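Below is one structure, written out as C-alpha cells, with a few remarks after it.
The chains referred to below are lettered A, B, ... by the order of the sequence lines, with proteins before strands, and numbering in each begins at 1. Just so you know, these numbers come straight off a predicted model, no measurement behind them.
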Amino acid sequence: MGVADPVVRPGPVPHGEGPPHRARGGERRRGARRRHHGVCPEVPARRRRGRGDGGCGVNEAWNDLMRERHRKIEDLRAAGETPYPNDQRVGWTAAAARAAAGTLSPEELAGKAIRVDIAGRVVALRRFGKATFLSLSDRSGRIQGYVKKDTLGDAEYGLFQKVVDSGDLLWLEGTLFITRTGELTVQADRFRVLTKAIRPLPEKWHGLSDVETRYRQRYVDLIVNDEVREIFRRRARIVNFLRDYLSRRDFLEVETPMMQPVAGGATARPFVTHHNTLDMDLYLRVAPELYLKRLLVGGFERVFEINRNFRNEGISTQHNPEFTMIEFYQAYATFTDLMGLTEDMLSSLATALYGSPKFSYQGETVDFTPPWERLTVAQAAARYGGFPEERLADETFLRETAVRLGVPDAAAASQGHLLVGIYEEVAERRIAGPAFVTEYPIEVSPLSRPNGARPRIVDRFELIVRGREIANAFSELNDPVDQRGRFEEQLRRRERGDEEAHFLDEDYLRALEYGMPPAAGEGIGIDRLVMLFTDSPSIREVILFPLLRKEG
RNA sequence: GAGCCCAUAGCUCAGUUGGCAGAGCAUCUGACUUUUAAUCAGAGGGCCGCUGGUUCGAUCCCAGCUGGGCUCACCA
C-alpha cells in the first residue's frame, strides 16, 4: 500500500476564492480526506500497526470508528478466522434457553449444566478486563452472555477482547447459569464472530430517535428499538388473524393484478407505469375490487385478498402512497351481514390482542364490544354540525353550508356530494366510534347497490373509529345496465376534470352481463387498523419502509 | 400544494449577544473475573445540512435550496 504521507500540500490558495479552501482551520483534515480519490485513504499513522489494516479496501467515506472496526476484521483474519462465515449451525434461541431454565433456582440450574448454543446481535458489552458480559439479541428476544478468560483460555479471550464489538453478530456455546443479580446467562466456552459489523450501533441509552433516520435506516431502528420490532410482529399477527378468520369461514384467498390496464374500484388518482415489450401503459391498482367481483362471477362465492393499493395522492400521518387493504366479498350476503361480520371479526381480533374488546388508543378508550353504533350520514352531519336534519334534504341549504365550510367544488357539486362533503367537514373526525355510518348518496358510490326503498341512497357503510375511516363496505351493484350508467356518469365527471372519477371498465361490465351473484364486499385499511392496535399516531410507524423523498 | 418548526461528533443533545466548537454514550490506551446506563484514569474524533449574502471575521445574522417533523389541503 504505502501512500506516502498524503497529508496535504495545498498549493498556493488564492485568497477569498471559493471552496474547498475557505476555512483555513479545517484545511488540513479536509484536504487529507478529499485529495486521494481511488487510492488508499489516509489512516492516522499511529493506527497503522503494520498489519495491512486500514489500507486498501477501506472505504474513503468511513470515519474513524469504522476504520477501527475494519482493522478488527484484519485481526480476525490474522487469527485464522473469517469475518463472514456461513457454516455455523445454531441450535438454540434466547427464548428456548429461557424455557429450558424455567423457574429453576441457580443451584438447580447449575446442577443440570444445560448446554446451549445461540447466535444473535451483540447489543451491549460490559467489559471487566478478564471477563465480559454481553447482551445478545435474536429473533426470540435477548439473553445475556458471559465470557471469561479462565473458561475461554488466554488466546481465545484475547481475540474476543480484540475483535468483538457491540453490533457484531456472535455465536456462543456454553452452559446456562444464573448470576448473582438473578439474570439467566450463557457462560460461554466457545465463541465465533458470525458477521463483523463495520458501523457502530446508536447510543445504548437514548438509542436511535431521529425519525428520518429511523425510517430511512429501518434496519437500525429494528436492531435497537425493541418496541418497533414489536409493532411489526403485531402487524403480522393481525394480518394472520384476519386471514385465518376469513379462511375458516370458507373465503378463498386470491391475488389479482396490481398492474391494471384500467384502474378501477375506487375514487382515487392512480400511478401510471409502462410495459416495454407490450408498449402498454398500465396503472398500479387503486383497489382490487373489480377483479375480486369478476371472481364472484366465476363462481368463487367467497374471496378475499390482502395486498397493496397505490394512490397518487398526498402523504400524511394517515396516508402513504402504497398501503395495504384486505378486501373480501361474500355472495348471497348484504351489507348488513357484513356489519355483523365486522363487529365479530374486529372485536375478536381486539380480544386476541388485548384479552378484551376494550383497548387504549392515544390516551382514549376504544371499545369494540358489539353491537356498534349505527347512524346515517345525514344524522351524523346534523348531530355534529348542529343542523336540523330535515334541512339536509334541501339543496339550497346544502350548497350554502358546503360553500361556507369550504367543501371543494361546492358550487357545482351534486346534492349527494354536498351532503358527504358537509359530513366529512363537520362530523367524520369527531365520531369516536366504532360506528357504522350508512345511507351514502348514490352519486358518491358508483359501485354500490341502490337501496330497494330509496333509490337515491345505497346500501353501504363506512366504519369510523376515532374519527378515521377503517372500513368501507356495501351491497354490490350487479345490474350491468345500471353499472354502465354509473360508469358513464363517472366519465362525465372525468371530462369535467375530476381526476379521481372512475374509468369505464368494459370487461368488468361484460363480466356482470354473465351474471354476478348478489353479494356484499368490504375493504379494511390494514395500516390504519394496525395503527389502532399498536397505539401508533402515524401510519409511518406501522409501515416498514414508508415513502420518503430521495436522500440528499 | 400552504403555514409553522427542526438540521452541530457514529448516537443523544448543549452552545456561541458574530472571535480557534462542547458534554454524555460509543471508539482508542491503561486498571478491573457476577455486570446490566458497570466503574476509574487518559486520548482521539466535527464540510456546525448545502449555496450565496452581510461582516475584518459567520456554526451563529439574512436569503435561497435540500431533507425531515407537525398542522392544514387532498385522500383511505
Does a side-chain N or O from [X] land closer than 4.0 Å to OP1 or OP2 of [N], or not?
| X | N | result |
| --- | --- | --- |
| A:Lys550 | B:rG68 | no |
| A:Arg127 | B:rU39 | no |
| A:Arg126 | B:rU35 | no |
| A:Arg69 | B:rG10 | no |
| A:Lys204 | B:rA38 | yes |
| A:Arg549 | B:rG68 | yes |

Could you check which of [options] has an atom nearest any side-chain atom of [X]?
| X | options | result |
| --- | --- | --- |
| A:Tyr146 | B:rU35, B:rC28, B:rU34 | B:rU34 |
| A:Phe177 | B:rU34, B:rG10, B:rA37 | B:rU34 |
| A:Ala131 | B:rU34, B:rU33, B:rA76 | B:rU33 |
| A:Gln144 | B:rC74, B:rU35, B:rG69 | B:rU35 |
| A:Lys72 | B:rA26, B:rC13, B:rU27 | B:rU27 |
| A:His206 | B:rC11, B:rU12, B:rC70 | B:rU12 |
| A:Phe323 | B:rA76, B:rA26, B:rU35 | B:rA76 |

Heavy-atom pair of closest approach, residues A:Arg142 and A:Arg98: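 Taking every non-hydrogen atom into account, O-NH2, 2.5 Å.
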
A:Arg311 versus A:Val286, closest heavy-atom pair with distance: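 So the two residues come closest at NH2-O, 2.8 Å.
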
Cationic tip of A:Arg460 within the cone over A:Tyr440's six-membered ring, i.e. under 6.0 Å and within 45° of the normal?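 Yes, a cation-pi geometry holds between A:Arg460 and A:Tyr440.
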
Are A:Arg243 and A:Phe304 in a cation-pi setup, meaning NZ or CZ lies under 6.0 angstrom from the ring centre and within 45 degrees of the ring axis?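 Judged by the rule (NZ or CZ under 6.0 Å from the ring centre, within 45° of its axis), A:Arg243 is not positioned above A:Phe304.
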
Which whole-number value in Å describes the distance from [X] [atom1] to [N] [atom2]?
| X | N | atom1 | atom2 | answer |
| --- | --- | --- | --- | --- |
| A:Gln161 | B:rA31 | CD | C1' | 13 Å |
| A:Arg199 | B:rA9 | CZ | P | 15 Å |
| A:Ile73 | B:rU27 | CD1 | P | 16 Å |
| A:Phe128 | B:rC40 | CZ | P | 12 Å |
| A:Glu183 | B:rU35 | CD | C1' | 9 Å |

Please classify the nucleic acid contact of A:Glu212 as base, sugar-phosphate, or nothing, using heavy-atom distances under 4.0 Å.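 Sugar-phosphate contact only.
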
Using only modelled atom types and a 3.5 angstrom limit, is any donor from either the side chain of A:Thr179 or the base of B:rU35 paired with an acceptor on the other?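 Counting by modelled atom types and ignoring angles, a donor-acceptor contact under 3.5 Å is found here.
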
Indicate, yes or no, whether a donor-acceptor pair under 3.5 Å links the base of B:rU33 to the side chain of A:Asp150.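 By the distance-only test, yes, there is a pair.
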
Base partner of B:rG49, which must satisfy Watson-Crick or wobble distances under 3.5 Å: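 Because both required distances fall under 3.5 Å, B:rG49 counts as paired with B:rC65.
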
A:Asn320: which of A:Val542, A:Leu547, A:Asp527 passes side-chain contact (heavy atoms from CB on, under 4.5 Å):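 Passing option: A:Leu547.
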
